Amino acid sequence: MDYKDTLNLPKTDFPMKADLPKREPQILKKWEGLYQRVQTERKDAPLFVLHDGPPYANGHIHIGHALNKILKDIIVKYKLLRGYKVDYVPGWDCHGLPIEQQVEKELKAKKLKKEDMPKTAFRKLCRDYASRFVEIQKEEFIRLGVLGDWEKPYITMDPKYQAQEIRELGRLFKKGVVIKSKKPVYWCIYDKTAEAEAEVEYYEKESPSIYVKFPLKDQDNTYLLIWTTTPWTLPANLGVMVGEDFEYVFYKVGKETYILAKALLEEVKKKANLEGEVVKEVLGKELVGLEYYTPYGERIGKVYPSEFVELTAGTGLVHMAPGHGREDYIVGLRYGLEPFAPVDDEGKFIPPAPEFLIGVRVFSANPLIIEDLKARNLLLHEEKYIHSYPHCWRCKNPVIFRATPQWFISMSASVNGKSLRELALEEIDKVQWFPASGANRIRSMVENRPDWCISRQRYWGVPITVFYCKNCGHVVAEEDVFERVAQLVENHPDGADLWFELSAKELLPEGYKCPKCGSEEFVKEEDILDVWFDSGSSHAFVLRPRGIEKADLYLEGSDQHRGWFQASLLESCASYGSAPYKAVLTHGFTVDEQGRKMSKSLGNVIAPQEVIEQYGADILRLWVASEDYSEDVRLSKGILQRLTEDYKKIRNTLRFFLGNLYDFEPSKAVPFKELHHLDRWAISYLQGIIEQSLNFYESYTFHRVLHLIRNFCAVELSAFYLDVLKDRLYVYASNSWERRSAQTVLFEMAKAITLLIAPFLSFTAEEVWEHLRKIDPSLPESVFLHTIPTPKEELKDQGILKDYETILKVRDDVMSAVELCRKEKEVNHPYEAEVYIWGNEEVLKVLKKYEEDLKYLFTVSRVSLKEGGSQRLPSESFQGLWVGAKRVEGKKCPRCWLYYREEEFEGEVCKRCSRVLAEVLP
């Protein structure tokens, strides 16, 4: 007879080949409406809110988007499986310059300019462009398996969102937090707009480094020696700054005397090749008030004390242009100097700049100014200087500081009796930061940041909805006026476009008069709000109207400490007096296997769409779960290949479970106390895996969850438990205690591992779940409608766990001894071996308890607790313990393949198989 037919070999239609790119779309169809269903079923459960930082709607998603959204989804699904009602509303950032530029590009191809059309027509093109990419990205995020309220996302160009943003602006005006001021801000001369702190990036730049002589008034041939790397700012010079307590020298070279810091004299002498003598030494405070002739403009400048002077480079005397520098502006303000910046929106000089500079762009002006200074004998030395310089994050060109009238959120404004800066810093300390270093990062940024410039000189955005009295210039910024405009905006199909369609009179309440002079003539503000104010207000639209004061978590890339996290913090503190989040988690950027930034020129860009097409979204999700995202995250084809091997290990383990549960149902389960001791060990060990997994999930260290489960599948299960179990599963009668005991544990493990991997291997978990529901139809329709297992003390047998620690160590020694036999050609398979164990009495005492089962636990045919064996070796784990092995005597049972002595057979098969056959054969 063919004994194979009498074995309980695995049967399952759960495929070995995942074929994820084909199978995942079918699962997505099943998930349609799942988010809403979960909301309904969990309506009374505790709430967990993950507030989505809105991606920008201007292109297909890239690998950084995938990393971010999958991380969020892992958390959403984990919290869901922990029994929470999870609130996750995806959002999109839709205003701003990148979209304007794309639309302008499209217009240029048609030989059109935005200036040649009404603002509303251009804004419509921007809205259509953003709408298109919102839909594209939505489909791409859903394809990643991300669960959220996709039917009702928040979109910053939605009229209702714009209206709420206008209300937020009204609240800030009412609190006196918003001010208008002419102060230097980052200005992009290419995009022609002010930029926020968060919109500049620092790159290396080569600049001219020059030492310039400023002639003192009433002192012939005596000069203040200044150093600058921005010669183009000299036409805006209004003063010179000194450190009051620094030592300065009058250094005479020939007929000329230069005043500079004593500490920097040697360096300047060396650079400018000077030979002379110190004729006088003074403190900086003695220079304060000295008058000099400015290099341009025929003005008399003065020396002012300043805390911003340093002795690290230059001359210790700092040329001051309050219209082009932040520190210069602060000192100038102190001494009543009006910011002066004779430069237009494109960075070109305008009157009253010197005639030879009119119409020239600032960076092109540098060599012209240097030549002019040389010609007038005001240049002492010139060289090149490489330094870190701010660049526009969009066009990547250098930005300038330029004083223009702008709207600011004042960091020193009083909120709840503290300055906005103090309040924000206090709130930072109340937030939990992952990693913890995030707190110091954002704290240092808030400590040092200037006022937040919230006005932009562009078309596509939410307008700053204030009015100016034509007669007296009074700014109309009353809360009821903001509310009226907000109501008009939210009821208009194109939202804030109406600001550009209607006149001031139509927008203001009927019969409105200037509270200052009684005039009825008003003009509207033309500037729009910074897009960081758009997204920074998201909590006020998405959360607060639903009674959610703080999100449980914000999660974005580490660059958002100066972007969205900070904008949200400042807006929320200014408006509501507290941070909008309880915890903030940040991740690094995606790089290739060598740690290089992904770029088209290097050819190392990997698009999520390619990965999904080739491997499936679950492999992309596995990559996200496998990485320590607190640092930069590496991705390459080699990494993906290795991950598919990890995936196979987990999938094959789950397939083994399902294949051996084809005739099992929960009613056939064996109670814990009655389980076979090996099964009791497995279920006890599983509790530890569950406990560790939950701890790792709670601390958001997902790579540790994956490594734990992958190793559990590969080591404790595949290499030990499941390997040993095959004998009991296949050989014994299908309804025997031995087999049912094993199946009881396999079913529990299948459920537990499926639920533990569900947050990251979501598609695979759902696929396994469909098969588990055939075994237990009482399980809910989706894995995400169940809860994740928690460790149960009553399923832990500490005695068994301790004994098996010993058994597993001895098993390693046994396998080493059998391997020696294999090398000596004594055996080909472990079943052909007989094993001997002797020596350490403590270990033998444990082994004696399980003596009858040792051959199965060690997957050999015979185990004797005495000395013996042709190949012998000392134990690696236990002193005094020896293990020996040799070829077993006897013959092989054709059914179970173990070797037995002649007297242990009944007919053709061993006695054990004979008993089983008597039971299973008719």
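Since the structure is predicted, the reported quantities are computational estimates derived from the model, not experimental observations.
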### Task
Evaluate the side-chain proximity of Leu425 to Ile428: yes if any heavy-atom separation is below 4.5 Å, no if none is.
yes
### Message
Using modelled atom types and a 3.5 Å cut-off, is there a donor and acceptor pairing between side-chain atoms of Glu427 and backbone atoms of Glu422?
### Response
no
### Query
Just wondering, more than 12 heavy atoms not from Glu510 lying within 6.0 Å of its CD?
no
### Query
Between Tyr154 and His51, how do the two ring planes meet: parallel, tilted or perpendicular, split at 30° and 60°?
parallel
### Whether over 12 other heavy atoms sit under 6.0 Å from Lys138 NZ
yes
### Message
salt bridge (charged side-chain N to carboxylate O under 4.0 Å, His left out), that's the test. Do Lys79 and Asp552 meet it? Break it down for me.
### Response
CA-CA 11 Å; Lys79 292 293 182 181; Asp552 290 285; over 6 Å; no
### Query
Should the heavy atoms of other residues, nucleotides or ligands under 6.0 Å from NZ of Lys513 be counted, would the total exceed 12?
no
### Query
Is any NZ, NE, NH1 or NH2 atom of the basic residue among Glu490 and Arg167 found under 4.0 Å from an Asp or Glu carboxylate oxygen of the other?
yes
Between side-chain atoms of residues 572-581 and protein atoms elsewhere (two or more places apart, or another chain), which donor-acceptor pairs fall under 3.5 Å?
residue	atom	partner	partner atom	Å
Ser572	OG	Arg544	NH2	2.9
Ser572	OG	Ser578	O	2.6
Ser575	OG	Glu168	OE1	2.9
Ser575	OG	Arg171	NE	2.8
Tyr576	OH	Glu168	OE2	2.6
Tyr581	OH	Phe565	O	3.0

### Query
Quick one: do Arg127 and Asp497 make a salt bridge, cutoff under 4.0 Å?
yes
### Query
Who pairs with Tyr78 by ring pair (Phe, Tyr, Trp, His ring centres under 6.0 Å), at least two apart in sequence or on another chain?
Tyr697
### side chain to side chain contact (heavy atoms under 4.5 Å, CB included) involving Glu32 - partner list, sequence neighbours excluded
Lys29
### Task
List the atom of Lys77, the atom of Leu147, and the distance in Å for their closest heavy-atom pair.
CE-CB, 3.9 Å
### SB check Lys30 Glu781 (cutoff 4.0 Å)
no
### Message
To the nearest 0.5 Å, what is the distance between CG on Leu50 and CG on Leu553?
### Response
4.5 Å
### Task
Look at the rings of Phe522 and Phe467 and say which category their plane angle falls in: under 30° parallel, 30 to 60° tilted, over 60° perpendicular.
perpendicular
### Query
Hey, does the side chain of Tyr35 reach the backbone of Tyr88 with a donor-acceptor pair shorter than 3.5 angstrom?
yes
### Message
Quick check against the 3.5 Å criterion: does Glu571 have a side-chain atom that pairs as donor or acceptor with the backbone of Asp534?
### Response
no
### Task
Look up atom OG1 in Thr40 and atom NZ in Lys85, then write down how far apart they are to the nearest 0.5 Å.
8.5 Å
### Task
Salt-bridge test for Asp87 and Arg546: reply yes if a basic N is under 4.0 Å from a carboxylate O, no otherwise.
yes
### Query
Below 4.5 Å, heavy atoms only, C-beta onward: do His65 and Glu140 meet side chain to side chain?
no
### Message
Counting only heavy atoms not in Glu698 (residues, nucleotides, ligands), do more than 12 fall under 6.0 Å from its CD?
### Response
yes
### Message
Quick check: Phe173 with Trp407 (ring centres under 6.0 Å apart)?
### Response
yes
### Message
In the structure I gave you, are the side-chain heavy atoms of Lys180 and Val475 within less than 4.5 Å of one another anywhere?
### Response
no
### Query
Considering all heavy atoms of both residues, which atom of Ser455 and which atom of Ala194 are nearest to each other, and what is their separation?
O-CB, 3.8 Å
### Query
Relative to the ring of Phe133, is the ring of His60 parallel (under 30°), tilted (30 to 60°) or perpendicular (over 60°)?
perpendicular
#### Entry: Ala617 backbone acceptor or donor facing Glu24 side chain under 3.5 Å
yes
### Asp128: salt bridge (charged side-chain N to carboxylate O under 4.0 Å, His left out) partners, not counting sequence neighbours
Lys124
### Message
Minimum heavy-atom separation for Ser630 and Pro435, please, with both atom names.
### Response
CB-CG, 4.3 Å
### Message
So, using side chain to side chain contact (heavy atoms under 4.5 Å, CB included) as the criterion, who are the partners of Pro46 when residues are at least two apart?
### Response
Tyr84
### Query
Which residues satisfy the salt bridge (charged side-chain N to carboxylate O under 4.0 Å, His left out) test with Asp52, sequence neighbours excluded?
Lys69, Lys72
### Message
Can a donor-acceptor pair be found, under 3.5 Å and without considering hydrogens, that links the side chain of Glu525 to the backbone of Thr465?
### Response
no
#### Entry: Note: Glu447-Arg443 ion pair, threshold 4.0 Å (strictly below)
yes
### Query
Tell me, do Arg441 and Thr586 make a side-chain contact under 4.5 Å, heavy atoms counted?
no
### Query
For the side chain of Arg449 and the backbone of Arg562, is there at least one donor-acceptor N/O pair under 3.5 Å apart?
no
### Query
Heavy-atom distance under 4.5 Å between the side chains of Val446 and Arg421, does that happen here?
yes
### Task
Answer yes when Arg458 and Glu104 have at least one side-chain N-carboxylate O distance shorter than 4.0 Å, and no when they do not.
yes
### Query
For the residue pair Phe500 and Trp460, is the inter-centroid distance of their aromatic rings smaller than 6.0 Å?
no
